[in-house]
Engineer: 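Mind having a look at this structure? Questions to follow.
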Amino acid sequence: MIARYWVQKGFNVMHPIGWDAFGLPAENAAIKRNSDPREWTYENIAVQKASMRRYACSFDWDRTLHTCDPEYYKWNQWLFLQMYNKGLAYRKDSAVNWCPDCQTVLANEQVVAGLCERCDNAVTKKKLNQWYLKITDYADRLLDDMDQLEGNWPEKVLTMQRNWIGRSTGAEVEFKIEGRSQPITVYTTRPDTLFGATFMVVAADSALAAELASGNEVEAEFKKYLDSVKADSDIDRLATDRPKSGVFLNRFAINPVNDERIPIWASDYVLADYGTGAIMAVPAHDQRDLDFAKAMKLPIRVVIETGEADPAQSGIATSGDGKVINSGSITGLAKDEAITKITQELAGKKLGKAARNYRLRDWLISRQRFWGTPIPIIHCEKCGEVAVPENQLPVELPSAAGLDLKPKGLSPLGAASDWVNVACPKCNAPAKRDADTMDTFFDSSWYYLRYTSVDKHDVAFDKKAVETWLPVDQYVGGVTHAILHLLYSRFFTKVLHDLGHLNFTEPFTRLLNQGMVLMDGSAMSKSRGNLVRLSDELATHGVDAIRVALVFAGPPEDDIDWADVSPAGSLKFLNRAWRIAGDVTSKAGVDFKSGDLSLRKVTHKSLNDIAIAVESFRFNVCVARIMELVNATRKAIDSGCGPTDPAVREAAEAIAISLSLVAPYTAEDMWEKLGHKPAIANAGWPTVDPALLEDDAIEVVLQVNGKIIDRLEVSPSVTKDDLEKAARANEKIAAALVGADIKKVIVVAPKLVNFVI
RNA sequence: GCCCCUGUAGCCCAAUGGCAGAGGCAUGCGACUUAAAAUCGCACAAGUGUGGGUUCGACCCCCACCGGGGGCACCA
């Protein structure tokens, strides 16, 4: 509807469609049928394309692309190398999210509540050497540039992205460690509570904890604890009512603000990969620390006076603001002042500094699967990592024939010996290709750029075309992509901007989250046979009726249940509209100006309202407005000015054109019946005459104390004074005001008059 | 536990702080018909989740609570 509307308005609209076709569905299907994912994918695309054509979506089929075409993923590899050369793509060892069922690693964003986003199995951790993209370098810009999107993206999506990036501000503070030359740095958002720190906790699974325990009498106990921590799944870890556990490391740290000696503990409630993996614990003012202190019988010291109950007694850490107490130089200050002052003092002594942290982690992109873009790196024993030279791109996937695609934790590509063994591009010695493939979100992070240049084969995208078309004026997608796809795309856009390829920093100017169609409470899916049912409905009622019914069922961002969708009712409405075209007896091209004024006003008002509704995404309201216009026109034909009146033709044409957005086939037929040549899609949006939007008389409400006493017809241009006079002259009002003491008269011209007595 | 959205006739949904109803579904009645379908016409119904507050006036703004949906959830 949006695309069709702007075409009618005379804009040059690009409305492309394509297939994000790499990934597990194809690969798993191929494994099941023992065939090549390639064949399965292209067969399915053909089927789907044919069925999608039925929906009358005005897609530009000349710009179609498939991300699994070498022609497309060649540019994935090119982009990867661009980032690699800038240090934005790198490899590191780390404990990664591992799905035992899919037998591949997952990005943080793909783990939902400890479960694999795709298969809902529990995710475990595994130490692996993997490729990452340095999205954390862009954390601040991803956050701050949201100002550009404010008002044009759903607030919900912006909030979700903000939470996901999770920026926090605070300070890093150095604690000296007894018997260790290096101090330990902790990150805190509350340096104002430093004097309340009564112990330190390091992440049990960090290298730091192991080092502090090593050679220590508690080492055995620590190892036992570490083993139990490792055995816990993410789901266990995420349980909120989980009791705190940990082990004393028999080591001590010195608090830099008061030289106090505090014990160091290891626990799994501190995360190894956030901040520095070590915290100062302030049990009085942090619930987690308090829970731990109570469990381990550690001291609790209040340093903020909030008026709340004593945490040691209540078991509830105080969260309110208040004055700092018992805290040396910052005693008596308010929170913000205390934070500023103590941070400055620490910085002066080189014992700390202001710092920021993010919840966002670097994006893990390697996947141990076949059906994806090969990572264009060659591993040479002598030269190490070597980028595949640009002129050798694409690194094409080998044939799947003879490869065992079954998930087993290693890339199937590693077994394709003809493919994997190559000469090092630098020294020509025998070397191996990187056998992992890219996360498919890499593919979808820049496809909008490719749509501008599908016919260009020497560049990923043509700069001029990109400048002409982009950024995308209107993006439409499900809220399921609120973080993953939309965050990654924003990241890519910024990287490409910095590399000098783009002159904008945000890819999607406006975003509409459209809802899903539910059947019996769950999403439409092939496995439930719902698509078959939809296909039947299409055959019975026609595409137009289905389109109208879906649009009319509710606001576009809401999920709608098929039970609330009424294709039969929509068909009835379309017939009603269509018959009007047949009833018109005036000739095409007749001058509307001589037509019936009241119907003309309805027509112009409707056109105006319909345009506003479409532009503000209220498509359901838009359909309702067309229905109103149809009703009014019907009435005019049957019992008003009659079918010969030019106003009836004007109304019928307005109906046809506005209907062309949602029911294009019906509209086209109406257009021809009305004596016009195809195509109505290019007929142009009728010009609304502002003079016809004005009513000649408006009903004004007359109130006494806010209660309606009577109504009055007045001219829309009535003045306040005249309106008040008219109101006072009204019989019922006059009667109501007899003997009353009028305290106030509110006159809103031309809407109401209210006498307060 | 924290944050966000939401609550209007039997149902889906509308209403720049100013007459609660635009539209549809369902239902009922009537016209047309031998009859039915289709079509056309008419009718029907809630005082806006609950309790407060602001205002001349609140579905709309503010506070609390209840119900529904979603997000985050040891991130120091």
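Reminder, nothing fancy here: chain letters follow the sequence lines and each chain counts from 1. Because only heavy atoms are used, hydrogens play no part in the values below, and waters and symmetry mates are left out as well, while side chains stay in.
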Engineer: Hey, does A/Ile304 have a side-chain heavy atom less than 4.5 Å from the side chain of A/Val324?
Structural biologist: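 Yes, their side chains come closer than 4.5 Å.
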
Engineer: Starting at the 5' end of RNA chain B, which residue's closest nucleotide do you reach first, A/Gly569 or A/Ala553?
Structural biologist: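 Going by which nucleotide is closer to the 5' end, it is A/Ala553.
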
Engineer: Of the nucleotides B/rC42, B/rA15, B/rA76, which one has an atom closest to the side chain of A/Lys635?
Structural biologist: B/rC42

Engineer: Could you give the distance separating B/rC72 and B/rA9 at their C1' atoms, to the nearest angstrom?
Structural biologist: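 Looking at atom C1' only, B/rA9 and B/rC72 are 37 Å apart.
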
Engineer: If you measure from the C1' atom in B/rU6 to the same atom in B/rC60, how many Å do you get, rounded?
Structural biologist: 14 Å

Engineer: In whole Å, measure the gap between the P atoms of B/rA58 and B/rG18 for me.
Structural biologist: 11 Å

Engineer: What's the gap between B/rC29 and B/rA36 when it is taken at their P atoms, as a whole Å value?
Structural biologist: 12 Å

Engineer: Counting only side-chain heavy atoms from C-beta out, which of B/rC25, B/rC56, B/rC74 sits nearest to A/Tyr269?
Structural biologist: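 So the nucleotide nearest the side chain must be B/rC74.
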
Engineer: With both distances under 3.5 angstrom, what nucleotide forms a Watson-Crick or G-U wobble pair with B/rC2?
Structural biologist: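 Base-paired to B/rG71.
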
Engineer: Compare the minimum distances between each of B/rC25, B/rA76, B/rG23 and the side chain of A/Asp286, then state the nucleotide with the smallest one.
Structural biologist: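 Closest nucleotide to the A/Asp286 side chain: B/rA76.
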
Engineer: Is the closest basic N to carboxylate O distance between A/Asp638 and A/Arg634 below 4.0 Å?
Structural biologist: yes

Engineer: Does A/Arg625 have a side-chain nitrogen or oxygen under 4.0 Å from the phosphate oxygens OP1 or OP2 of B/rA14?
Structural biologist: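 Result: no.
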
Engineer: Are A/Arg301 and A/Glu260 within salt-bridge range, i.e. N to O under 4.0 Å?
Structural biologist: yes

Engineer: Determine the interatomic distance between C1' on B/rG17 and the same-named atom on B/rA31; round to the nearest Å.
Structural biologist: 45 Å

Engineer: Check this one for me: any side-chain N or O of A/Arg359 less than 4.0 Å away from OP1 or OP2 of B/rC72?
Structural biologist: no

Engineer: With sugar-phosphate meaning primed atoms plus P, OP1 and OP2, does A/Arg361 contact a base, only sugar-phosphate, or nothing at under 4.0 Å between heavy atoms?
Structural biologist: base

Engineer: Of the nucleotides B/rG18, B/rG23, B/rC56, which one has an atom closest to the side chain of A/Val756?
Structural biologist: B/rC56

Engineer: Report yes if some heavy atom in the side chain of A/Asp205 is under 4.5 Å from a heavy atom in the side chain of A/Asp268; otherwise report no.
Structural biologist: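 Contact flag for A/Asp205/A/Asp268 side chains = no.
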
Engineer: Look at all strands and tell whether A/Thr159 reaches a base, only sugar-phosphate, or nothing, counting heavy atoms closer than 4.0 Å.
Structural biologist: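 Result for A/Thr159 = nothing.
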
Engineer: Counting side-chain heavy atoms from CB outward, which of B/rA14, B/rA22, B/rA15 is closest to A/Arg618?
Structural biologist: B/rA15

Engineer: Send over the distance from A/Phe199 CZ to B/rA76 C1', rounded to a whole Å.
Structural biologist: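 So the two atoms are 11 Å apart, to the nearest Å.
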
Engineer: On RNA chain B, nearest-nucleotide positions of A/Asp559 versus A/Ile483: which is more 5'?
Structural biologist: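 Checking each residue's closest nucleotide, the 5'-ward one belongs to A/Asp559.
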
Engineer: Is the side chain of A/Ser267 donor-acceptor paired with the backbone N or O of A/Ser245 at a distance under 3.5 Å, no angle test?
Structural biologist: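 Yes, because the side chain of A/Ser267 sits within donor-acceptor range (under 3.5 Å) of the backbone of A/Ser245.
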
Engineer: Checking base pairs now: Watson-Crick or wobble, both atom distances under 3.5 Å. What partners B/rA37?
Structural biologist: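 Base partner found: none.
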
Engineer: Answer with base, sugar-phosphate or nothing: what part of the nucleic acid does A/Asn620 contact at a heavy-atom distance below 4.0 Å?
Structural biologist: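 Contact class for A/Asn620: sugar-phosphate only.
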
Engineer: Using Watson-Crick or G-U wobble geometry with both distances under 3.5 Å, which nucleotide pairs with B/rG28?
Structural biologist: B/rC42

Engineer: Taking the side chain as C-beta and beyond, is there a heavy-atom pair between A/Thr193 and A/Met280 under 4.5 Å?
Structural biologist: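 Result yes, sub-4.5 Å side-chain heavy-atom pair found.
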
Engineer: Looking at every strand, decide which applies to A/Lys244 at a 4.0 Å heavy-atom threshold: base, sugar-phosphate, or nothing.
Structural biologist: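 Base contact.
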
Engineer: Can you check the A/Tyr274 OH to B/rC72 C1' distance for me, whole Å?
Structural biologist: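 The distance from OH of A/Tyr274 to C1' of B/rC72 comes to 14 Å, rounded to the nearest Å.
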
Engineer: Between the base of B/rG1 and the side chain of A/Gln287, is one N or O donor paired with an acceptor at under 3.5 angstrom?
Structural biologist: no

Engineer: Can a side chain N or O of A/Asn631 be found less than 4.0 Å away from OP1 or OP2 on B/rA22?
Structural biologist: no

Engineer: Taking the side chain of A/Met160 as heavy atoms from C-beta outward, which of B/rG71, B/rG18, B/rA76 is closest to it?
Structural biologist: B/rG71

Engineer: Just do the side chain to side chain donor-acceptor pair (under 3.5 Å) check on A/Arg359 and A/Asn163 with the steps written out, would you?
Structural biologist: CA-CA 8 Å; A/Arg359 216 188 78 107; A/Asn163 290 342; over 6 Å; no

Engineer: Classify the nucleic acid contact of A/Ser168 as base, sugar-phosphate or nothing, counting any heavy atom under 4.0 Å across all strands shown.
Structural biologist: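 Sugar-phosphate, no base atom in range.
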
Engineer: Ignoring the backbone of A/Ala624, work out which of B/rG70, B/rA76, B/rG23 is nearest its side chain.
Structural biologist: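 Nearest to the side chain of A/Ala624 among the choices is B/rG23.
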
Engineer: Return the value, rounded to whole Å, for the distance between atom NE2 of A/His541 and atom P of B/rC25.
Structural biologist: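 Going from NE2 in A/His541 over to P in B/rC25 covers 13 Å.
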
Engineer: Please state the C1' separation for the pair B/rC44 and B/rA38 - nearest whole angstrom.
Structural biologist: 23 Å

Engineer: Nearest whole Å is fine: how far is B/rG23 P from A/Phe573 CZ?
Structural biologist: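 In whole Å, B/rG23 P lies 12 Å from A/Phe573 CZ.
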
Engineer: Roughly, in whole Å, what's the span from CG in A/Asn163 to P in B/rG70?
Structural biologist: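 Computing the A/Asn163:CG to B/rG70:P distance gives 17 Å.
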
Engineer: Base, sugar-phosphate, or nothing: which does A/Gln703 touch, judged by heavy atoms less than 4.0 Å apart?
Structural biologist: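 Base, at least one base atom sits under 4.0 Å.
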
Engineer: Do any side-chain nitrogens or oxygens of A/Lys744 fall under 4.0 Å of OP1 or OP2 in B/rC56?
Structural biologist: yes

Engineer: Tell me which nucleotide, if any, is Watson-Crick or G-U wobble paired with B/rG7 when both distances must be under 3.5 Å.
Structural biologist: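 Across any shown strand, B/rG7 pairs with B/rC66.
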
Engineer: Sort out the partner of B/rC61 for me: Watson-Crick or G-U wobble, both distances under 3.5 Å, none otherwise.
Structural biologist: B/rG53

Engineer: Please give the distance between the P atoms of B/rG49 and B/rC59 as a whole number of Å.
Structural biologist: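 Their P atoms lie roughly 10 Å apart.
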
Engineer: Can A/Lys720 and A/Glu724 be counted as an ion pair, charged N to O under 4.0 angstrom?
Structural biologist: no

Engineer: Using the P atom in both, what is the distance from B/rA45 to B/rC11, to the nearest Å?
Structural biologist: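 Between the two P atoms, the distance is 16 Å.
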
Engineer: Please report the distance, rounded to the nearest Å, between CH2 in A/Trp562 and P in B/rC12.
Structural biologist: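 In whole Å, B/rC12 P and A/Trp562 CH2 are 17 Å from each other.
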
Engineer: Test A/Trp363 against every option in A/Tyr132, A/Tyr488, A/Trp164 by the ring-ring contact (aromatic ring centres under 6.0 Å, His included) rule and name the one that passes.
Structural biologist: A/Tyr488

Engineer: What is the distance, rounded to the nearest whole Å, between atom CE of A/Met627 and atom P of B/rA22?
Structural biologist: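 Distance check: A/Met627 CE to B/rA22 P gives 16 Å.
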
Engineer: Figure out the CZ/P separation between A/Arg576 and B/rG24, and round it to whole Å.
Structural biologist: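 The answer, rounded to whole Å, is 7 Å.
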
